[in-house]
Amino acid sequence: MVGESTYDTAYHGSTRDYYREMAAAREELIDQGYHVEPWANVEAFEPSGDQPCAPTGPRGKTSKERLDQAVTMAGRYVQKIVSYMWSDFMTCGDPSLEDEIGNDWQRSIAVDAIRRPHDIQDGVEVRGYNLKDGTVNVTRSGGTKEMVVAAVGVAG
């Protein structure tokens, strides 16, 4: 929560901006001979005034969708993504976050899309997790098209 301030005055950038800068700093450290692996901690809770999960404060469970959005923002820039097992936040609610994750753990999560030619065609390279046979929505000036990710890996 920002409090009395606006987001623009309280923060210098978005979470994605911070991870992007951290990734650039990582490259500089690697060039200097240091091995570093930035990790992202994706919080498995959020403020909840009406359904707190623990007696210690107003925090409640988050949703699998919100976790996926956090992975999208950080996934391109870090080597690992973790979420600590805050049992109250994983098991409260109906459905619980534990159940949401268990039922949806194979969902495709895109973290980056780059316009890139392939052979003689113009194309889009999508990077992320669990993409094989998943679908992505590609929006261009002509509209939006849902496409199946047919291949995974590096084209030769």
Side-chain angles (χ1 to χ4, degrees), residues 1-26 35-116 123-154:
M1 294 185 188
V2 179
E4 296 296 321
S5 180
T6 66
Y7 186 91
D8 288 340
T9 58
Y11 300 102
H12 298 286
S14 69
T15 301
R16 188 175 186 125
D17 291 336
Y18 287 116
Y19 282 116
R20 183 182 305 113
E21 291 302 316
M22 182 179 57
R26 175 183 183 259
H35 175 76
V36 293
E37 289 189 348
W39 292 18
N41 174 24
V42 175
E43 301 290 359
F45 56 84
E46 60 185 275
S48 174
D50 58 343
Q51 294 185 334
C53 288
T56 57
R59 291 182 177 153
K61 81 172 191 94
T62 193
S63 65
K64 169 69 166 57
E65 180 180 7
R66 188 166 178 205
L67 288 178
D68 290 352
Q69 290 170 352
V71 169
T72 297
M73 293 298 110
R76 175 180 177 194
Y77 303 108
V78 298
Q79 279 55 59
K80 292 186 183 184
I81 298 174
V82 299
S83 185
Y84 294 100
M85 182 55 171
W86 296 67
S87 60
D88 291 341
F89 302 116
M90 293 284 184
T91 58
C92 77
D94 187 23
S96 69
L97 183 56
E98 176 184 32
D99 289 340
E100 286 184 52
I101 292 170
N103 293 330
D104 195 40
W105 67 275
Q106 290 182 309
R107 174 184 298 276
S108 299
I109 302 174
V111 298
D112 201 11
I114 301 167
R115 191 174 188 157
R116 184 174 302 237
V124 177
E125 178 180 300
V126 178
R127 297 175 183 176
Y129 305 95
N130 298 323
L131 294 177
K132 176 93 169 104
D133 299 323
T135 59
V136 293
N137 291 322
V138 177
T139 303
R140 292 185 150 171
S141 58
T144 299
K145 182 176 181 181
E146 186 174 280
M147 304 174 79
V148 174
V149 178
V152 172
V154 178

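The 12-atom threshold is exceeded at CD of E125, counting heavy atoms of other residues, nucleotides or ligands nearer than 6.0 Å.
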* **Y129 and V111: CA distance, side-chain angles, deciding distance, side chain to side chain contact (heavy atoms under 4.5 Å, CB included) verdict** => CA-CA 8 Å; Y129 305 95; V111 298; 3.7 Å; yes

* **Trace of the salt bridge (Lys or Arg N to Asp or Glu O under 4.0 Å) decision for K61 with E100** => CA-CA 11 Å; K61 81 172 191 94; E100 286 184 52; 2.5 Å; yes

* Verify side chain to side chain contact (heavy atoms under 4.5 Å, CB included) between R26 and V78, making sure each step is shown before the conclusion. => CA-CA 10 Å; R26 175 183 183 259; V78 298; over 6 Å; no

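Contacts of F45 classified as ring-ring contact (aromatic ring centres under 6.0 Å, His included), with partners at least two apart in sequence or in another chain: W86, F89. For E46, the salt bridge (charged side-chain N to carboxylate O under 4.0 Å, His left out) test picks out R66, with sequence neighbours left out.
At least one side-chain heavy atom of N41 sits less than 4.5 Å from a side-chain heavy atom of E43. Side-chain atoms of V138 and E146, non-hydrogen and from C-beta on, never get closer than 4.5 Å to each other. Looking at I114 and R127, their side chains come closer than 4.5 Å, going by heavy atoms from C-beta outward.
Separating the CG atom in D17 from the CE atom in M73 is a distance of 10.5 Å, to the nearest 0.5 Å. For the atom pair K145 NZ and T139 OG1, the distance stands at 12.5 Å (nearest 0.5 Å). Of the inter-residue distances, the one linking E98 atom CD with S96 atom OG reads 5.0 Å to the nearest 0.5 angstrom.
Annotation for S83 and V42: closest pair OG-O, 2.7 Å, computed over non-hydrogen atoms. Across every non-hydrogen atom of D104 and K64, the tightest pair is O-NZ, 3.2 Å. Between L131 and S108, the shortest heavy-atom contact is CA-OG, 3.9 Å. Annotation for A40 and Y19: closest pair CB-OH, 3.3 Å, computed over non-hydrogen atoms. Taking both residues in full, the closest heavy atoms of P95 and D99 are given as CB-CB, 4.4 Å, listed atom of the first, atom of the second, then distance.
No donor-acceptor pair under 3.5 Å is formed between the side chain of R59 and the backbone N or O of P52. Under a 3.5 Å cut-off, the side chain of T62 and the backbone N or O of A44 do not form any donor-acceptor pair. Looking only at distances, a side-chain donor or acceptor of T72 sits under 3.5 Å from a matching main-chain atom of D68.
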